Amino acid sequence: VRRTATLLAMAALVGGPATLAVAAACPKTTLADVEDEVMCPVCGVPLALATEAPQAKRERAFIEREVASCKSKQEIKQELRAQFGDRVLALPPSKGFDVAAYVVPAVVVLAGLAAVTAVVLRRRRRGADEATPRAAPSLAGDDAARLDADLQRYDL
Amino acid sequence: LLDVKRVLSPLPLAAGLAVVAVVALLAYGVVSNEPSRSLDQKIAAGQRPAAPAFELPRLEGGSQRSLADFRGKVVLMNVWASWCGPCRQESPLLQRWHERMVRGGGTVLGVDTLDVKGDALGFIRKFNLTYPQLHDRDGDAIRKFGVIAYPESFVIDRTGKVAATQRGPVDDAFMRKHVAPLLGS
């Protein structure tokens with residue numbers, strides 16, 4: 001009996017901190033953390049927004065079970081993908097037509113930047129042109145002669 | 001008057017093309033997500049369109065089965081999910097009709113979709129369903145049938161053509177009207 005008690009005490013000493021460490025690391029995520037990154041596939045909206053849909057409630061219950069079994073957010077998302085396919089992920093996969101979800105915003109941003117740059121350059125060029133003093137128009141024959149005569153008269 | 005030279009300059013032209021591209025993309029997205037109602041239209045016109053082909057895994061696991069595997073039988077294909085309330089209500093009726101259909105050379109074929117597999121298997125046990133069950137996890141196969149609500153059912157004749165559709169739960173009157181005559185054929 002004494003030996004058993006000693007062994008149990010040793011096991012508690014060795015295993016105790018490890019058990020506490022596992023308990024501290026679990027749960028690794030929360031329902032709220034996962035549900036804004038996945039979709040309710042039937043409703044077609046992020047799960048966080050689908051409050052009353054029956055499918056959303058089941059999906060939420062599934063996530064809560066996975067959270068309770070100490071899975072990480074990535075692991076839970078993988079499980080959801082295995083259950084419902086790629087469409088359950090709020091961010092679509094980067095293949096097929098879904099690539100448009102990534103390419104179109106990038107192209108729009110680049111096109112916007114290019115347009116803004118072009119407009120700025122054009123305005124700057126126009127401003128520089130306006131700042132350059134224009135050459136005075138040359139005078140016609142009679143006026144030029146009169147100007148020369150006046151300049152000589154006043155000895156300028 | 002429209003200044004053609006100004007409109008055709010690179011900047012407005014690029015902006016215009018970008019707007020057209022985004023509108024085209026949105027239009028494609030809307031059209032491609034629109035449920036197809038071609039089956040219903042053809043049936044309403046007195047035709048029997050061919051059932052769209054598909055191959056899906058068994059819900060219980062294991063091998064794949066295609067709709068063509070059931071050729072020669074009258075099939076009531078029932079699309080369901082364990083979270084769907086009306087699916088619960090119609091299940092006992094479907095099981096009764098399955099037993100009747102088996103005697104007449106037919107079967108009910110369940111297609112569980114957008115469902116947690118464990119929940120679906122629990123549903124089958126709860127209602128003692130004995131008819132074959134397939135699993136369409138992301139709903140891709142049944143989209144060809146224009147399914148948008150649950151449950152929906154499709155009566156498929158022995159040659160693989162769709163004889164009737166039910167967008168919603170089936171009842172005894174529907175089964176007597178659309179399934180029973182085919183079992184005699």
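The structure displayed is predicted, hence computed values, not measured ones. Chain A is the first sequence line, chain B the second, and so forth, proteins listed ahead of strands; every chain is numbered from 1.
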* To do: Verify the neighbour count for atom NZ of A/K77: are there more than 12 heavy atoms of other residues, nucleotides or ligands below 6.0 Å?
  => yes

* Asked: Residue by residue, which of residues 28-36 of chain A have a heavy atom closer than 4.5 Å to a heavy atom belonging to chain B?
  -> none

* For atom NZ of A/K73, is the number of surrounding heavy atoms from other residues, nucleotides or ligands below 6.0 Å larger than 12? -> yes

* In Å, rounded to the nearest 0.5 Å, how long is the span from CG of B/L114 to CZ of A/R58? -> 13.0 Å

* Determine the option with the most heavy-atom pairs under 4.5 angstrom with chain A, choosing from B/D140, B/L25, B/D136, B/V116. => B/V116

* Structure fact -> Given A/A114, A/A111, A/A82, A/A53, the one with more heavy-atom pairs under 4.5 angstrom with chain B than any other is A/A82

* **Any residue of residues 120-128 of chain A which, by heavy atoms, sits under 4.5 Å from chain B** => none

* Asked: If Ile, Leu, Val, Met, Phe, Trp and Tyr residues are connected whenever their side-chain heavy atoms lie under 4.5 Å apart, and connections chain through other members, are B/V170 and B/F154 in the same group?
  -> no

* Asked: Got a sec: does the CG of A/D142 have more than 12 other heavy atoms crowding it under 6.0 Å?
  -> no

* Asked: Quick one: do B/L129 and B/L76 end up in the same hydrophobic cluster if we chain Ile, Leu, Val, Met, Phe, Trp and Tyr together by side-chain heavy atoms under 4.5 Å apart?
  -> yes

* Asked: Transitively linked via ILVMFWY side-chain contacts under 4.5 Å: B/W80 with B/Y150?
  -> no

* Asked: Can you tell me how far the OG1 atom of B/T113 sits from the CD atom of A/Q55, to the nearest 0.5 Å?
  -> 9.0 Å

* Asked: How many angstroms lie between CZ in A/R87 and CZ in B/R137, if you round to the nearest 0.5 Å?
  -> 10.5 Å

* Transitive ILVMFWY side-chain link B/L93 to B/M77, under 4.5 Å -> no

* Taking every non-hydrogen atom, the tightest pair across A/Q83 and B/K117 -> OE1-N, 2.8 Å

* To do: Report, as yes or no, whether the 6.0 Å neighbourhood of atom NZ on B/K126 holds more than 12 heavy atoms from other residues, nucleotides or ligands.
  => no

* To do: Give the intermediate values and the outcome of salt bridge (charged side-chain N to carboxylate O under 4.0 Å, His left out) for residues B/D119 and A/R65.
  => CA-CA 12 Å; B/D119 293 347; A/R65 287 200 296 270; 3.7 Å; yes

* Asked: Should B/Y131 and B/L67 be regarded as members of a common hydrophobic cluster, given that ILVMFWY residues are connected when their side-chain heavy atoms come within less than 4.5 Å of each other, either directly or indirectly?
  -> no

* To do: Counting only heavy atoms closer than 4.5 Å, note whether A/F84 contacts chain B via side chain, backbone, both or neither.
  => both

